[in-house]
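Beneath this line is the structure, given in structure tokens, with notes to follow.
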Amino acid sequence: MSSLKNDTFLRALLRQPTEYTPLWLMRQAGRYLPEYNATRARAGDFLTLCKTPDLATEVTLQPLARYPLDAAILFSDILTVPDAMGLGLYFAQGEGPRFERPLRDEWEIRDLTAPDPTDKLGYVMDAVRSIRRALDGSVPLIGFSGSPFTLACYMVEGGGSDDFRHIKTMLYARPDLLHRILEVNTRAVTDYLNAQIEAGAQAVMIFDTWGGSLTPHAYKEFSLSYMQTIVEGLIKEREGRRVPCVVFTKGGGNWLEAIADIGADAVGLDWSTDIGEARRRIGDKVALQGNLDPFALFGTPDSIRTEVGRVLESYGTGNGHVFNLGHGTSQFTNPDNVTVLVDAVHAQSRRPL
Ligand code: CP3
């Protein structure tokens, strides 16, 4: 395969020198882009978009055509894994994701198995190969998965939740059942990420969106320890390069030392942690990814530049920072403000190598 024209993202993840701070945005492809909405309308619905490699390739490339981002992220969703386990994912209009068969009964949990990623999730691997061909070495491609705990939240609740009542009931009343789900998810996620790496993903990220809803003790037992097992089981090198791994727990700011200890190359931060403080706590071990408030993009061009400056200054000089938002790009973001953001990060961080 051809070598990369822009590898600043991969170098920053390994805390190697770069001539500016690279950036990409969580949910950089999505409903804030009119071209995304047009492709989704052609697909008919969101899941068809995910399951059609040509269309997934098209929407992956849309934000890169508009903005000089330093990485592409596979267009898919974390919930394709429980879908492949047979839970029946669907997206009700305006309601977010739902499962036809949430996991509640003991026998269903005992029957749960990790899917073969090259079979049931073969469409994802086809998308990865197709995106790599389309990128043609311009920027690296990020693969991703949900964390075992975050996937379990959706699998047990049957969709999004305000209070995680069902999964927390299981956690306290039947921890054995939750551990059984998490063990299957850990196998599934490890196999899934490794299949993405073999198909061409050049870095991977684990999204632990709901780990922050746990107590410190439960976080370590039910989320972090399983992510550690995954990180230990990942393919570390491919095409002659390290395949870096990013771990992101939303709301995990209090546990950064523990997160930085599981062996990942980088830790993602939400906007509630000061990135300079995070660097003082863990920045000699891992790279940091983040952490502009996604709603900073709702300000003016000047306020966006100011907020970008705050994050860059707080991180300080030296290597090991990948700029990102602290969570996904809102569907109500003005695409022109993303132009301001991307230019501001590149201009304000430029330095001699
Ligand atoms: O970052 C990217 O550009 C890659 C694409 C991506 C999507 N989902 C596309 C998507 C990624 C990395 C995800 C991850 C994901 N999905 C997470 C973890 C990160 C996070 O945001 O916390 C979670 C929890 C999900 C589950 C999920 N998928 C929810 C809760 C929703 C509905 C919320 C919403 O924004 O509508 C989705 C749907 C979804 N996934 C959309 C996109 C672009 C919107 C679907 C649409 O077009 O209608």
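Counting begins at 1 with the first residue of the sequence.
- Atom OG1 of Thr150 and atom CE of Met155 lie 12.0 Å apart (nearest 0.5 Å).
- Between Phe75 and Tyr36, the distance separating the two ring centers is shorter than 6.0 angstrom.
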Criterion ring pair (Phe, Tyr, Trp, His ring centres under 6.0 Å) on Phe99 and Tyr154, from CA distance to verdict
CA-CA 8 Å; Phe99 285 108; Tyr154 288 95; 7.4 Å; no

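- For the pair Arg40 and Phe46, the NZ or CZ position fails the cation-pi test of under 6.0 Å to the six-membered ring centre and within 45 degrees of the ring normal.
- Using cut-offs of 30° and 60° for the angle between ring planes, the Tyr226 and His179 rings count as tilted.
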Stepwise salt bridge (Lys or Arg N to Asp or Glu O under 4.0 Å) check, Glu19 with Arg11
CA-CA 10 Å; Glu19 51 277 78; Arg11 279 190 280 137; 3.7 Å; yes

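- Using a 4.0 Å cut-off between a side-chain N of Lys or Arg and a carboxylate O of Asp or Glu, Lys285 and Asp261 qualify as a salt bridge.
- Between the side chain of Asp105 and the backbone N or O of Trp107 there is no donor-acceptor pair closer than 3.5 Å.
- Counted by atom type alone, Thr300 and Asp302 present zero donor-acceptor pairs between their side chains at under 3.5 Å.
- Salt-bridge check for Glu108 with Arg104: failed, with every basic side-chain N at 4.0 Å or more from each acidic carboxylate O.
- One side chain, Thr57 or Ser130, offers a donor N or O that lies under 3.5 Å from an acceptor on the other.
- Across every non-hydrogen atom of Leu13 and Ala287, the tightest pair is O-CB, 3.5 Å.
- Counting heavy atoms from C-beta on, the side chains of Leu288 and Ile282 come closer than 4.5 Å.
- Of the possible polar contacts, none joining the Asp270 side chain to the Lys250 backbone as a donor-acceptor pair under 3.5 Å is found.
- Neither side chain, Arg31 nor Ser330, offers a donor N or O lying under 3.5 Å from an acceptor on the other.
- Side chain to side chain, Asn6 and Thr8 meet the donor-acceptor criterion of an N or O pair below 3.5 Å.
- Annotation: the span from Met26 atom CE to Thr209 atom OG1 amounts to 8.5 Å, rounded to 0.5 Å.
- Residues Arg310 and Glu307 are paired through a salt bridge, judged by an N-O separation under 4.0 Å between the basic side chain and the carboxylate.
- Between Leu193 atom CG and Glu198 atom CD the span is 11.5 Å, to the nearest 0.5 Å.
- With Lys168 contributing its side chain and His166 its backbone, the two residues share no donor-acceptor pair below 3.5 Å.
- Side-chain contact check for Thr118 and Asp116: at least one donor-acceptor pair (N or O, by modelled atom type) lies under 3.5 Å.
- Rounded to the nearest 0.5 angstrom, Ile78 CD1 and Asp83 CG are separated by 12.5 Å.
- For the residue pair Tyr219 and Thr249, a side-chain donor N or O sits within less than 3.5 Å of a side-chain acceptor on the partner.
- With rounding to the nearest 0.5 angstrom, the OG atom of Ser138 is 12.0 Å from the CG atom of Asp7.
- Contact of the Tyr192 side chain with the Val124 side chain is registered, since non-hydrogen atoms from C-beta on lie closer than 4.5 Å.
- In this structure, CG in Leu25 is found 7.5 Å from CG in Leu297, a value given to the nearest 0.5 Å.
- The neighbour count for Gln331 CD, taken as heavy atoms of other residues, nucleotides or ligands under 6.0 Å away, is above 12.
- Judged purely by atom type and a 3.5 angstrom limit, Thr52 has no side-chain atom pairing as donor or acceptor with the backbone of Asp54.
- For the pairing with Thr21, the side-chain hydrogen bond (donor to acceptor under 3.5 Å, both in side chains) check across Gln348, His321, His346, Arg351 returns one residue only, Arg351.
- A salt bridge does not link Arg133 with Asp126: every distance from a Lys NZ or Arg NE/NH1/NH2 to an Asp or Glu carboxylate oxygen is 4.0 Å or more.
- Heavy atoms only, all atoms of each residue included: Leu269 and Asn291 are closest at O-CB, 3.2 Å.
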